[in-house]
Amino acid sequence: MKIATFNINGIKARHQALVDWLKEAEPDVALLQEIKSVDEGFPRELFEELGYSVETHGQKSFNGVAILSKLPLEDVTRGLPGDESDEQARWIEATVVGDKGAVRLCGLYLPNGNPVELDDAGQPVEGGKYAYKLSWMERMKARAEELLALEEPFVMAGDYNIIPQDEDAAKPEAWRGDALALPQSREAFRRILNLGFTEAFRARVQGPGHYSFWDYQAGAWQKNNGIRIDHLLLSPQAADLLREVGIDKEIRGRDKPSDHVPVWITLDL
DNA sequence: ATGGCTACCTATGGTAGA
């Protein structure tokens, strides 16, 4: 089973690029972020023609996540539990049934968190974007703990907006005070990871120079000034099934690309 | 270099992204 995560930066602007990539990469499941569309505006028929089931959790203008699957989807849920007042569409779950078994998938678009606002004590300012990021990660951790208790294969994949280590940025010094790389952000990521997850890419590939995002500005792609912020976290039972990992870097060099590229795994399912 | 782009919106420039 091939599972990919891809922040497409707008389905309206990217549907043809997405179709092209799906035909080439042939993932069984694609977890999408930043569809930037309401559910009714998602061109689902384009993907149904390719054999995908389509489940969306969208909102107007910003955010929005979706799951495309060639395999049967069950028990789809939308929204990250833990705060009924949170109206941002950043989380979707579904169970995918493969030939050898099922896996629970969580597609996520973790808040960016910039600008970072800290008070004199170094604590995030309440109501600010950085506080939202950290509180969202606390809620994600709680959901992850619930799912881990089931002791079944599950995968949390998406745009984490976290640069886990300096080796995950071409210019780590440029990200020093950024919400994607601050020690508090990395600690929050590790608190989730250390519950017992395996970060799929790092389970297979070590060393610097592997990125999933290149800014549109300042020729970042041409200079390979990238960061690795799109991740797949595997439960212990999913990690046992991990075969391959990859980053479809070449996508970034095409016309009118997303600023992110697909990251994928294959599971023995 | 707190942004050199890009996408969205009932817009014609502001907001958000990372």
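By convention in this document, chain letters (A, B, ...) are assigned in the order of the sequence lines, proteins followed by strands, and residues within each chain are numbered from 1.
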Can you pull every protein N or O that's under 3.5 Å from an N or O on nucleotides 14-18 of chain B?
from, atom 1, to, atom 2, distance (Å)
B:dG17, OP2, A:Lys129, NZ, 3.1
B:dA18, OP1, A:Glu34, OE2, 2.9
B:dA18, OP1, A:Tyr109, OH, 3.4
B:dA18, OP1, A:Asp159, OD2, 3.4
B:dA18, OP2, A:Tyr109, OH, 3.0
B:dA18, OP2, A:Asn161, ND2, 3.0
B:dA18, N9, A:Asn112, ND2, 3.2
B:dA18, N7, A:Asn112, ND2, 2.9

Nearest-angstrom distance from the residue atom CZ of A:Arg176 to P of B:dA1 = 17 Å
Specify the residue among A:Gly219 and A:Ala13 whose closest nucleotide of DNA chain B lies further upstream toward the 5′ end.
-> A:Gly219
Closest contact, heavy atoms only, A:Leu71 versus A:Gly98 | CD1-CA, 4.3 Å
When the distance from CD of A:Glu173 to P of B:dA1 is rounded to whole Å, what number comes out?
-> 12 Å
Ignoring backbone atoms, test whether A:Lys256 places a side-chain nitrogen or oxygen under 4.0 Å from the OP1 or OP2 oxygen of B:dA7.
-> yes
Heavy-atom closest pair (A:Ala170 atom, A:Asn224 atom, distance to 0.1 Å) is CB-O, 3.5 Å
Roughly how far apart, to the nearest Å, are B:dT2 and B:dT12 at atom C1'?
-> 26 Å
Where is the tightest heavy-atom contact between A:Ile92 and A:Thr56, given as atom of each residue plus distance?
-> CD1-C, 4.1 Å
Heavy atoms, side chains only, cut-off 4.5 Å: are A:Asn114 and A:Lys129 in contact?
-> no
Looking across every strand, which nucleic acid part, if any, lies under 4.0 Å from A:Lys223 by heavy atom: base, sugar-phosphate, or nothing?
-> base
Indicate, with yes or no, if the rings of A:His210 and A:Phe201 have centres closer together than 6.0 Å.
-> yes
Please write out each protein N/O paired with an N/O of nucleotides 11-13 of chain B under 3.5 Å, distance rounded to 0.1 Å.
none

Let me know which of A:Glu152, A:Glu151, A:Glu74, A:Glu93 forms a salt bridge (charged side-chain N to carboxylate O under 4.0 Å, His left out) with A:Arg104.
-> A:Glu93
B:dA1 and B:dT15: how far apart are their P atoms, nearest whole angstrom?
-> 26 Å
Does the ring centre of A:Phe47 sit less than 6.0 Å away from the ring centre of A:Phe42?
-> yes
In terms of ring plane angle, is the pair A:Trp136 and A:Trp91 parallel, tilted or perpendicular, where the classes change at 30° and 60°?
-> perpendicular
Is it possible for you to check whether A:Arg228 lies under 6.0 Å from the centre of the six-membered ring of A:Tyr211, through NZ or CZ, and within 45° of that ring's axis?
-> no
Say you pick atom C1' in B:dA11 and the same atom in B:dA16; how far apart are they, in whole Å?
-> 15 Å
